[in-house]
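Treat the numbers as computed from the prediction; the structure is a model and nothing was measured.
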Amino acid sequence: MNLPSDNVRPFVIAGPCSAETEEQTLATARQLALKGCHNFRAGVWKPRTKPGGFEGCGEKALPWMAEVKKETGMLISTEVATPKHVELALQYGIDILWIGARTTANPFAMQALADSLRGVDIPVFVKNPVNPDLELWIGAMERLNQAGIQRLGAIHRGFSSYEQKIYRNAPMWQIPIELRRRIPDLPIICDPSHIGGRRELIAPLCQQAMDLGFDGLIVESHCDPDKAWSDAKQQVTPDVLDYILGILTIRDQKEQTEGITQLRRQIDTLDNQLMELLSQRMRVCREIGQYKKQHNMTVLQATRYNEILEKRGAQGSLMGMSPEFVAKVFENVHEESVRQQIEIINK
């Protein structure tokens, strides 16, 4: 699926979190159309974490979406979670479907959707699952592809976490980056509204997505965000969205220039040196394993491990690296060291 964009603005799908009323849906769509938006989104069915909240207007909202398409010429899109949703969306002329994070996480639900879409030629975007599971995300798209859906794309909306943090959903950019590496031709668009959870974070998240080479954006935009019936804090007006898109810097994605080729050669040289050093470190760890075996010592020495993490974390900070990054590196190095020492002790 090739997403239309230009050198100034990326491919964008925009519209309110929910289609609340006919007036609100059409007012938002008209404002977005005047700003040059070509793809309108609105939630018709809204899966909520707990019962009792606004869960969408359902089929009643689909004629409003059809009117948006008729009046503005924009393509219209909504989320589907069941085969019945698919049937109704197709009946009312929805042009683009997306599948939400909760549905992506359920292989039974994904297979049911795939079966309901068999023989249908329509673009389908799949949001990442709630938890950071790349295989589950890819598996959901594979089910659709095996059912004949050729126009597939991914939506990165971040991952849920219990931790207190700046973002509503942790971006964990390394996961969509790995998805791009695994499936280079798959369009990936970013959902800054759900990642950020607050409207003031949308602009920087949009820019970060562009810097990372994402193909587009899906942004929640409402004619009166503060009065929205769902996710009010993460929606922006069409005017604000237009401003955000207008100040984005779209990077040149040309793969090779002489300057960057030379820098990548330096990276390759340094990576080779890192591998050599890691190999040497593991050799010393195996010698330590032999010593522990001879002296009947346990593999894990907690005091020594804590000392390494503290010392290297402080050293990393002085060298311009985050302590969290350094901790992750040495946690993985330590895990491999322990594995090799256990092998030696149990021989």
Side-chain angles (χ1 to χ4, degrees), residues 3-44 46 54 56-57 61 64-79 94-96 98 125 127 155-158 166-169 171 189-212 214-251:
L3 301 182
S5 61
D6 53 45
N7 292 328
V8 179
R9 293 191 174 189
F11 169 82
V12 176
I13 300 174
C17 174
S18 305
E20 302 160 358
T21 65
E22 182 174 14
E23 180 183 7
Q24 166 259 359
T25 302
L26 287 169
T28 305
R30 290 170 185 141
Q31 292 177 34
L32 287 167
L34 288 173
K35 300 299 181 183
C37 182
H38 303 293
N39 305 284
F40 182 77
R41 58 141 290 157
V44 172
K46 297 300 298 179
F54 174 63
C57 293
W64 311 339
M65 298 288 284
E67 183 60 29
V68 166
K69 183 177 180 178
K70 178 181 177 182
E71 183 178 322
T72 68
M74 287 192 286
L75 299 180
I76 51 176
S77 58
T78 198
E79 177 180 346
I94 298 293
D95 299 293
I96 301 169
W98 82 80
F125 285 94
K127 288 195 173 187
I155 298 175
H156 175 50
R157 49 82 76 186
I166 184 173
Y167 299 116
R168 174 181 176 180
N169 293 322
I189 66 175
C190 181
D191 179 350
S193 303
H194 279 89
I195 292 177
R198 305 201 310 272
R199 59 182 66 119
E200 62 267 25
L201 295 175
I202 291 176
L205 284 166
C206 286
Q207 185 60 63
Q208 189 160 2
M210 294 301 96
D211 293 345
L212 290 171
F214 278 62
D215 299 289
L217 303 163
I218 179 167
V219 187
E220 291 187 350
S221 180
H222 190 292
C223 59
D224 191 356
D226 289 330
K227 295 181 180 177
W229 295 2
S230 59
D231 289 345
K233 293 180 179 179
Q234 66 189 42
Q235 301 191 63
V236 294
T237 64
D239 281 341
V240 170
L241 177 59
D242 184 56
Y243 172 77
I244 290 171
L245 297 176
I247 63 172
L248 282 181
T249 299
I250 309 301
R251 310 293 179 188

Peer 1: Given 3.5 Å as the limit, does a donor-acceptor pair link the side chain of N39 with the main chain of L75, or not?
Peer 2: no
Peer 1: Begin from the C-alpha positions of L217 and M210 and carry the test side chain to side chain contact (heavy atoms under 4.5 Å, CB included) through to its verdict.
Peer 2: CA-CA 9 Å; L217 303 163; M210 294 301 96; 4.0 Å; yes
Peer 1: Can you tell me how far SG of C190 sits from CD1 of I195, rounded to the nearest 0.5 angstrom?
Peer 2: 4.0 Å
Peer 1: Please output the side-chain donor-acceptor pairs of residues 29-36 that fall under 3.5 Å, not counting sequence neighbours, one pair per line with the distance.
Peer 2:
residue: R30; atom: NE; partner: E71; partner atom: OE2; Å: 2.5
residue: R30; atom: NH2; partner: E71; partner atom: OE1; Å: 3.3
residue: K35; atom: NZ; partner: D239; partner atom: OD1; Å: 2.9

Peer 1: Do any N or O atoms from the side chain of T28 and from the backbone of C223 form a donor-acceptor pair under 3.5 angstrom?
Peer 2: yes
Peer 1: For atom CZ of F54, decide whether the heavy atoms of other residues, nucleotides or ligands shown that lie under 6.0 angstrom number more than 12.
Peer 2: yes
Peer 1: Using distance only, find each side-chain donor-acceptor pair of residues 14-22 under 3.5 Å and give its atom names and separation, not counting sequence neighbours.
Peer 2:
residue: S18; atom: OG; partner: S230; partner atom: OG; Å: 2.5
residue: E20; atom: OE1; partner: H222; partner atom: NE2; Å: 3.2
residue: E20; atom: OE2; partner: H222; partner atom: NE2; Å: 3.2
residue: E20; atom: OE2; partner: W229; partner atom: N; Å: 2.8
residue: T21; atom: OG1; partner: Q24; partner atom: N; Å: 2.9

Peer 1: Side chain to side chain contact (heavy atoms under 4.5 Å, CB included) between L245 and V219: does it pass, once the steps are laid out?
Peer 2: CA-CA 11 Å; L245 297 176; V219 187; 5.7 Å; no
Peer 1: First locate atom NZ of K70, then atom OG1 of T72, and finally report the distance between them rounded to the nearest 0.5 Å.
Peer 2: 12.0 Å
Peer 1: Are the side chains of W98 and I13 in contact, using a 4.5 Å heavy-atom criterion?
Peer 2: no
Peer 1: Between R168 and D231, is there a salt bridge with N-O shorter than 4.0 Å?
Peer 2: yes
Peer 1: Determine, step by step, whether I96 and I76 satisfy the side chain to side chain contact (heavy atoms under 4.5 Å, CB included) criterion, reporting the C-alpha distance in whole Å, the side-chain angles of both residues, the deciding distance to 0.1 Å, and the verdict.
Peer 2: CA-CA 6 Å; I96 301 169; I76 51 176; over 6 Å; no
Peer 1: For E79 and K127, run side chain to side chain contact (heavy atoms under 4.5 Å, CB included): C-alpha distance rounded to whole Å, both residues' side-chain angles, the deciding distance at 0.1 Å, then the answer.
Peer 2: CA-CA 10 Å; E79 177 180 346; K127 288 195 173 187; 5.6 Å; no
Peer 1: Could I get the full list of ring-ring contact (aromatic ring centres under 6.0 Å, His included) partners for W64, not counting sequence neighbours?
Peer 2: none
Peer 1: Among residues two or more places apart or on two chains, list those pairs meeting salt bridge (Lys or Arg N to Asp or Glu O under 4.0 Å) that have a residue in residues 217-230.
Peer 2: R41-E220, R199-D226, D224-K227
Peer 1: Any ring pair (Phe, Tyr, Trp, His ring centres under 6.0 Å) involving residues 23-42? Give me the pairs, sequence neighbours left out, ordered by first then second residue.
Peer 2: none
Peer 1: Who pairs with E200 by side-chain hydrogen bond (donor to acceptor under 3.5 Å, both in side chains), at least two apart in sequence or on another chain?
Peer 2: R198
Peer 1: Atom CG of D95 and atom CE of M65: how far apart are they, to the nearest 0.5 Å?
Peer 2: 9.0 Å
Peer 1: About how many Å separate OG of S193 and CD1 of I202, when rounded to the nearest 0.5 Å?
Peer 2: 4.0 Å
Peer 1: Write down the atom of L201, the atom of G196, and the distance for their closest heavy-atom approach.
Peer 2: CD1-O, 3.5 Å
Peer 1: Is there a side-chain contact between Y167 and L205 (heavy atoms, below 4.5 Å)?
Peer 2: yes
Peer 1: If we ignore hydrogens and angles and just use 3.5 Å, is the side chain of D215 paired with the main-chain N or O of I189 as donor and acceptor?
Peer 2: no
Peer 1: Can you tell me if D191 uses its side chain to pair, donor with acceptor, with the backbone of I155 under 3.5 Å?
Peer 2: no
Peer 1: Would you compute the distance between atom CZ of F214 and atom CG of L3 and round it to the nearest 0.5 angstrom?
Peer 2: 12.5 Å
Peer 1: Please report the interatomic distance NE2(H156) to CG(L212), rounded to the nearest 0.5 Å.
Peer 2: 9.0 Å
